[in-house]
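What follows is a single structure, written as structure tokens, with notes after it.
Quick note on labels: first sequence line is chain A, next is B, and so on, each numbered from 1. Small disclaimer: the values here were computed from a predicted structure and weren't measured.
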Amino acid sequence: MKRVRIKELLKTNPENQEVLVKGWVRTFRNNQFIALNDGSTNSNVQIVVDFNSTPEEILKGITTGASISVKGKLIASQGKGQTVEVVAIEVEILGDSDAEKFPLQPKKHSLEFLREIGHLRFRTNTFGAIFRLRNNLAFAIHKFFNEKGFVYIHTPIITSSDAEGAGEMFHVTNFDLANPPKTDNGEIDYKQDFFGKATNLTVSGQLEGELAAMAFSDIYTFGPTFRAENSNTTRHLAEFWMIEPEMAFFDLNDNMDLAEEMMKYVIKYALENNAEDIEFLSQRLSEEEKQKPQNERNEMTLIEKLKFCIDNNFERVTYTQAIEILRESNHNKKKKFTYLINDWGVDLQSEHERYLVEKHFKKPVILTDYPKNIKAFYMRQNDDGKTVRAMDILFPGIGEIVGGSQREERLDKLETRMKEMNIPAEDLWWYLDTRRFGTCPHAGFGLGFERLVLFVTGMTNIRDVIAFPRTPKSCEF
RNA sequence: UCCUUCUUAGCUCAGCUGGUUAGAGCACAUGACUGUUAAUCAUGGGGUCCCUGGUUCGAGCCCAGGAGAGGGAGCCA
């Protein structure tokens with residue numbers, strides 16, 4: 001007999017037919033009712049056992065966390081909480097679970113506690129919903145780009161370029177760290193290392209992505225990225241997943257159009273394909289909100305927030321306009337910002353981004369044309385000599401979710417800028433070759449996948465939307 | 001890295017001005033009940049009060065140092 005997944009079973013018309021289900025026990029009530037879950041859906045199926053005819057040792061083995069196999073008959077439920085249920089004919093304990101030691105209990109647990117038992121937290125309603133959603137969001141991203149004819153490029157995880165300037169890097173070596181080979185002048189001799197040079201874990205696949213875009217026109221990468229920054233926040237990880245599309249013959253407007261279309265597409269996909277999980281997380285968030293004081297509460301539910309995001313255009317504003325808005329705001333005049341906005345050219349702080357997104361526009365905002373001094377070397381310079389064709393997408397509650405730009409395709413301008421910013425051109429000879437041989441206008445962006453999952457799940461800590469978070473001083477599991 | 005808060009039972013937390021044997025709810029165990037929905041009722045077991053040192057007749061509580069966690073900032077995706 002073939003096992004039926006609970007998701008299918010719950011949609012099946014009950015006709016007293018025999019079924020086989022397997023899963024993990026969530027609760028066992030009244031010595032009769034098992035709530036069984038197999039991860040295919042957030043809902044449990046109710047198994048009804050006859051405690052008079054079931055052996056004592058089987059009943060004792062039906063504890064929270066145990067895995068069981070049940071052969072039984074599917075009937076319309078006689079109780080109120082569910083439409084169908086399985087009347088057990090035979091229950092087999094596949095793997096028992098000592099209820100006294102199993103850390104998950106049939107009660108609410110804090111997210112902090114669940115982080116400490118990361119190996120078991122998949123088995124909770126909340127994390128079940130989060131990771132089914134994460135799965136479908138990843139799939140939706142591939143689907144989106146595939147439908148648009150993009151080529152998925154696997155950029156390397158180990159790189160030798162340390163000139164990307166995106167952050168601190170993790171070194172990759174197989175030297176004996178207690179005794180690495182040295183050169184005559186006492187420096188570590190990387191010529192003797194595995195790759196014959198110093199290597200690192202990638203901080204971005206963008207530069208390699210640009211190489212591929214100069215052949216396929218439209219490409220994207222979707223892979224793990226590593227930053228050795230000592231960042232301890234709810235929005236940063238040392239290992240995270242990033243989506244980086246790169247498009248030849250695109251300018252900044254095309255770039256923004258694509259980013260906005262992609263965000264709306266994947267959110268819509270999740271709403272359509274994970275309705276039950278989003279509904280669960282939406283209610284979860286509403287209950288969390290009730291705990292907060294009235295003035296800090298979010299007026300919109302998670303579902304409303306997601307729909308709002310799909311139905312409204314992202315607000316597009318230049319950095320210069322944003323500075324004007326912030327400078328003229330009552331918030332600034334009443335000195336409510338920690339960092340007051342006076343002059344053009346300063347980098348925006350989180351408080352300013354939050355003000356623009358959450359107070360002023362009340363929707364996702366795309367900021368463009370930042371001062372060149374606060375942005376990376378590869379961004380295309382505007383004719384004003386002061387700004388570059390950069391764009392950041394800011395989301396409510398999360399801040400920067402996408403960072404992108406039109407790239408500088410003019411070799412002379414790029415080389416000059418690299419010199420100004422002390423980027424070693426000789427290390428990036430291969431990157432500059434794209435500007436020597438058939439250069440063209442092009443653009444791209446990076447999307448932090450976990451930040452997207454944060455937004456769609458309504459979770460607030462990034463450690464809760466990746467299965468095994470890596471953060472400073474923390475690499476368990 | 002900086003600022004800030006926290007650490008007491010398996011979990012969530014209370015513990016008064018430093019004073020006898022450190023408590024509650026849930027969980028767990030045992031029993032009762034048997035169409036329950038985080039079942040209910042009764043009974044019971046369960047503690048390195050984060051660690052180290054200090055002050056004191058006496059420290060869960062005060063002081064110093066350390067560790068871990070949460071929140072905020074910076075950096076960014």
Side-chain angles (χ1 to χ4, degrees), chain A residues 26-35 43-52 59-60 63-65 75 77-82 85 87 97-117 120 124-125 164-168 202-206 222-244 259 337-339 347-354 374-376 392-395 398-404 445-455 460-466 471-474 476:
Chain A
R26 287 289 176 84
T27 62
F28 185 31
R29 281 185 298 269
N30 219 9
N31 229 7
Q32 287 180 92
F33 304 103
I34 305 168
S43 305
N44 305 319
V45 68
Q46 172 155 287
I47 312 290
V48 187
V49 295
D50 179 359
F51 59 87
N52 288 315
L59 289 176
K60 291 271 179 225
T63 56
T64 301
I75 62 163
S77 179
Q78 298 172 39
K80 277 190 181 148
Q82 55 283 318
E85 64 191 18
V87 177
S97 171
D98 186 340
E100 209 159 349
K101 292 183 184 146
F102 186 58
L104 288 171
Q105 302 161 0
K107 59 173 280 193
K108 189 176 157 62
H109 289 294
S110 68
L111 294 171
E112 289 84 359
F113 173 65
L114 292 172
R115 250 169 251 154
E116 288 170 14
I117 50 165
L120 298 171
T124 62
N125 287 331
E164 289 157 35
E168 287 295 307
T202 183
V203 290
S204 163
Q206 181 201 314
F222 186 173
T225 310
F226 307 87
R227 305 267 167 100
E229 301 284 348
N230 192 8
S231 301
N232 296 284
T233 78
T234 53
R235 306 179 302 284
H236 291 85
L237 292 163
E239 176 182 300
F240 64 100
W241 288 66
M242 191 151 65
I243 295 110
E244 294 177 286
F337 287 128
T338 311
Y339 296 91
D347 206 352
L348 298 179
Q349 310 286 322
S350 303
E351 57 176 346
H352 306 130
E353 296 180 350
R354 271 209 310 277
I374 57 174
K375 286 292 178 185
D392 285 357
I393 303 186
L394 310 176
F395 261 46
I398 291 160
E400 189 177 339
I401 195 165
V402 166
F445 61 86
L447 165 71
F449 184 54
E450 281 77 15
R451 291 189 181 174
L452 171 67
V453 183
L454 268 185
F455 181 72
T460 50
N461 192 319
I462 202 161
R463 290 155 208 195
D464 295 328
V465 298
I466 187 166
T471 54
K473 299 258 167 67
S474 170
E476 197 63 56

Answer with base, sugar-phosphate or nothing: what part of the nucleic acid does [X] contact at a heavy-atom distance below 4.0 Å?
X        : value
A:Ser231 : base
A:Lys80  : base
A:Phe113 : sugar-phosphate
A:Pro103 : nothing
A:Glu351 : nothing
A:Gln78  : base
A:Leu452 : nothing
A:Gly446 : sugar-phosphate
A:Phe449 : nothing
A:Lys60  : sugar-phosphate
A:Glu244 : nothing
A:Ser77  : base
A:Glu100 : sugar-phosphate

Choosing from [options], which nucleotide comes nearest the side chain of [X]?
X        : options             : result
A:Glu229 : B:G70, B:U30, B:C75 : B:C75
A:His109 : B:C11, B:C28, B:G70 : B:C11
A:Ala99  : B:A77, B:C28, B:G70 : B:C28
A:Arg29  : B:U34, B:U36, B:A73 : B:U36
A:Met242 : B:A77, B:A69, B:U36 : B:A77
A:Thr233 : B:A73, B:G35, B:G71 : B:A73
A:Asp347 : B:A29, B:A39, B:C75 : B:C75
A:Gln349 : B:G72, B:G74, B:U36 : B:G74
A:Lys107 : B:U36, B:U1, B:C11  : B:C11

Polar side chain donor-acceptor pair, A:Arg235 to A:Asn461, under 3.5 angstrom: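 Checked: A:Arg235/A:Asn461 side chains show no N/O donor-acceptor pair below 3.5 Å.
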Is the phosphate of [N] approached by [X] (side-chain N or O, under 4.0 Å from OP1 or OP2)?
X        : N     : result
A:Ser110 : B:U12 : yes
A:Gln105 : B:A38 : no
A:Arg26  : B:U36 : no
A:Arg235 : B:G72 : no
A:Asn230 : B:U1  : yes

side-chain hydrogen bond (donor to acceptor under 3.5 Å, both in side chains) partner of A:Arg26, chosen from A:Asn125, A:Thr64, A:Thr124: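 Output: one option passes, namely A:Asn125.
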A:Asn461 or A:Arg451, whichever maps to the more 5' nucleotide of RNA chain B: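 Here A:Asn461 is the residue nearer the 5' end.
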Residue mapping more 5' on RNA chain B - nearest nucleotide basis, A:Arg354 or A:Ile75: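 The answer here is A:Ile75.
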Distance check, rounded to the nearest 0.5 Å: [X] atom [atom1] versus [Y] atom [atom2]?
X        : Y        : atom1 : atom2 : answer
A:Leu348 : A:Glu353 : CG    : CD    : 6.0 Å
A:Leu111 : A:Thr460 : CG    : OG1   : 7.0 Å
A:Phe445 : A:Ile243 : CZ    : CD1   : 8.5 Å
A:Tyr339 : A:His352 : OH    : NE2   : 9.5 Å

Under-4.0 Å salt bridge between A:Asp347 and A:Lys375: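 So A:Asp347 does not pair with A:Lys375 through a salt bridge.
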Length of the line joining A:Gln46:CD and B:U37:P, which is rounded to integer Å: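 Between P of B:U37 and CD of A:Gln46: 10 Å.
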Separation of B:C75 C1' from A:Tyr339 OH (nearest whole Å):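 Computing the A:Tyr339:OH to B:C75:C1' distance gives 12 Å.
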A:Phe33 over B:A39, stacked by centroid distance under 5.5 Å, angle under 30°: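 According to the criterion (under 5.5 Å, under 30°), no, A:Phe33 does not stack.
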Rounded distance in Å between the C1' positions of B:G15 and B:G23: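 Their C1' atoms lie roughly 7 Å apart.
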ring-ring contact (aromatic ring centres under 6.0 Å, His included) between A:Phe449 and A:Phe222, intermediate numbers included: CA-CA 9 Å; A:Phe449 184 54; A:Phe222 186 173; 5.1 Å; yes
Test item: A:Glu450 side-chain N/O and A:Trp241 main-chain N/O as donor-acceptor pair under 3.5 Å: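 Flag set: sc A:Glu450 to bb A:Trp241 pair under 3.5 Å.
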Secondary-structure string, 5' to 3', Watson-Crick or G-U under 3.5 Å, | for another-strand partners, for RNA chain B: (((((((..((((.....[...)))).(((((.......))))).....(((((..]....))))))))))))....
Identified side chain to side chain contact (heavy atoms under 4.5 Å, CB included) counterpart of A:Ile462 within the set A:Ile466, A:Val465, A:Asp464: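 Going through A:Ile466, A:Val465, A:Asp464 one by one, the side chain to side chain contact (heavy atoms under 4.5 Å, CB included) with A:Ile462 is satisfied by A:Val465 alone.
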